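Take a look at the structure set out below.
Source: prediction; values computed, not measured. Quick note on labels: first sequence line is chain A, next is B, and so on, each numbered from 1. Side chains are part of it too, since the values below use all heavy atoms of this structure and drop only hydrogens, waters and symmetry mates.
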2 protein chains.
Amino acid sequence: MEKYAKLLKKHGIKVTPQRLEILKYLNENHNHPTAFQIFSNLKERNPSFSKTTVYNTLEMLKAHKLIQVLTISESELRYEFDNKLHHHFLCKKCGKISDIDVQCPFFEKMLDSEYKVEEVHGYFKGICTRCSKEEELKSET
Amino acid sequence: MEKYAKLLKKHGIKVTPQRLEILKYLNENHNHPTAFQIFSNLKERNPSFSKTTVYNTLEMLKAHKLIQVLTISESELRYEFDNKLHHHFLCKKCGKISDIDVQCPFFEKMLDSEYKVEEVHGYFKGICTRCSKEEELKSET
DNA sequence: GTACTAAATAGGAATCGCTACAAAATGGGA
DNA sequence: TCCCATTTTGTAGCGATTCCTATTTAGTAC
């Protein structure tokens, strides 16, 4: 837990139990959770945990570039702790989001362009391996 | 207007005035509008135009891959008629979305991967040229 | 340790984009 | 022209996010 406190201090953010919990959750759960998923998980152990705190904290962590906000879903935002550049794949069937470990060659190019680029998002959408296999099995019967 | 009717018929979609209007609007306005923007623009000329019709029609056009849905904004969906692969840049200051005419080299690679890829989205976010210049001017004074 | 102050949290209300639903309108085929 | 399926409309509802304000907490000075 100490490492999260250090991280917050390094960015001049006041350390609170709630913020540590949220950071810990994001660091230990790489499933690109929604704000509600974070909220309900943390509320289990601390019933007074507030939804607003989750949103406030996520907003602040995002402002300090400690977390990434994914707009891959059409209905809600997803969050992740990992901040090194990678892309994402969303399965339209099961909803799972996977990390795609590729370096975008246009990142460098865009950095030199007329635009001041601060974020790069690569989203692929389709059907994941597991769901594809299930489809095949179904159609065989 | 006839070309839109043809397009709809080609995809087995029943031709209605509302659908033609929406297609026309998307084809003539390359500003990646929200559903509400489409709705309020078309409502001006036809006061009985319904929000639901806009959503229904966009959903149908999307299902037939006649339009693209962009999840680049954190708060709402954007739509575009253009369906050839390109990326997008969102200015965090003025909110404008620009087309970036690049071919994603990972598209091919992803097509051969374990994932069944149906959509590719490349989003860059930052400050656009115009807004960058305005910032410079302000800081000079 | 206590008192004070600014910041953070909690909880509920409000907002906003989008969807669901049922009634009315449309339109193509008999 | 009539009929029936489809589409459109308008309203109600829902879920994610934001707003508002009272309460609590963390940090500082005494």
Side-chain angles (χ1 to χ4, degrees), chain A residues 1-2 4-6 8-9 11-25 32-64 66-67 69-79 90 95 97, chain B residues 1 4-5 8-9 11-25 32-64 66-67 69-79 90 95 97:
Chain A
M1 216 58 173
E2 198 47 46
Y4 302 119
K6 247 186 214 166
L8 291 177
K9 277 180 199 154
H11 282 80
I13 306 172
K14 195 183 275 187
V15 178
T16 69
Q18 290 87 344
R19 289 173 181 171
L20 292 175
E21 286 294 331
I22 291 172
L23 266 184
K24 181 164 179 276
Y25 183 86
H32 316 90
T34 65
F36 182 77
Q37 281 176 312
I38 300 170
F39 165 66
S40 56
N41 268 280
L42 298 183
K43 197 178 180 63
E44 277 179 21
R45 273 183 294 157
N46 173 5
S48 82
F49 215 98
S50 161
K51 221 172 13 175
T52 306
T53 301
V54 174
Y55 279 106
N56 286 345
T57 302
L58 290 172
E59 179 62 30
M60 148 165 294
L61 294 175
K62 168 190 162 194
H64 283 86
L66 287 174
I67 60 171
V69 181
L70 307 184
T71 57
I72 193 169
S73 157
E74 291 187 4
S75 57
E76 76 234 322
L77 298 178
R78 303 300 193 114
Y79 299 87
L90 168 71
I97 296 174
Chain B
M1 216 60 172
Y4 302 118
L8 290 177
K9 275 180 200 154
H11 283 80
I13 306 172
K14 195 183 274 186
V15 178
T16 70
Q18 291 87 342
R19 289 172 182 171
L20 292 175
E21 286 293 331
I22 291 171
L23 265 184
K24 182 165 178 275
Y25 182 86
H32 316 90
T34 64
F36 182 77
Q37 280 176 311
I38 299 170
F39 165 66
S40 56
N41 268 280
L42 298 183
K43 195 176 182 64
E44 276 179 23
R45 272 182 297 158
N46 174 5
S48 83
F49 215 98
S50 160
K51 217 172 20 174
T52 307
T53 301
V54 174
Y55 281 106
N56 286 344
T57 302
L58 290 172
E59 178 61 31
M60 149 166 292
L61 294 175
K62 168 190 163 193
H64 283 85
L66 287 174
I67 61 170
V69 181
L70 307 184
T71 57
I72 193 169
S73 158
E74 292 187 3
S75 57
E76 77 236 318
L77 298 178
R78 303 298 194 116
Y79 298 88
L90 167 70
I97 296 174

Handout entry: Full working for side-chain contact (heavy atoms from CB on, under 4.5 Å) between A:Leu20 and A:Leu8
Key = CA-CA 9 Å; A:Leu20 292 175; A:Leu8 291 177; 4.0 Å; yes

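Distance, A:Ile72 CD1 to D:dA16 P: 17 Å, rounded to whole Å. Rounded to whole Å, the distance from CG on B:Leu42 to P on D:dT7 is 19 Å. In this structure, CZ of B:Phe36 is placed 16 Å from P of C:dT19, rounded to the nearest angstrom. In this structure, CZ of A:Arg78 is placed 15 Å from C1' of D:dT17, rounded to the nearest angstrom. Rounding to whole angstrom units, CZ of residue A:Phe39 and P of D:dG15 are separated by 15 Å. Atom pair B:Glu76:CD and C:dC18:P shows a separation of 7 Å (rounding to whole Å applied). Atom CD in A:Glu74 sits roughly 14 Å away from atom P in D:dT17 (whole-Å rounding). Remark: C1' of D:dC19 and CD of A:Glu59 are 14 Å apart, rounded to the nearest angstrom.
Looking at every heavy atom in both residues, B:Pro33 comes nearest to B:Tyr25 through CG-CE2, 3.9 Å. Summarising the geometry of A:Pro47 relative to A:Lys43, their closest heavy-atom pair is O-NZ, 2.7 Å, with the distance given to 0.1 Å. B:Phe49 and B:Phe39 get closest at one heavy-atom pair: O-CE1, 3.2 Å.
Between the side chain of B:Arg78 and the backbone N or O of B:Leu70, no donor-acceptor pair lies under 3.5 Å. A donor-acceptor pair under 3.5 Å is formed between the side chain of B:Thr71 and the backbone N or O of A:Thr71.
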Practice task
Summarise how protein sits on nucleotides 5-15 of chain C as a single string, 5' to 3': B when a protein heavy atom is under 4.0 Å from the base, S for sugar-phosphate-only contact, - for no contact.
Solution key: --SSSBBB---

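For A:Tyr55, a side-chain nitrogen or oxygen approaches OP1 or OP2 of D:dT17 to under 4.0 Å.
Here B:Thr34 lies out of heavy-atom contact (under 4.0 Å) with every strand.
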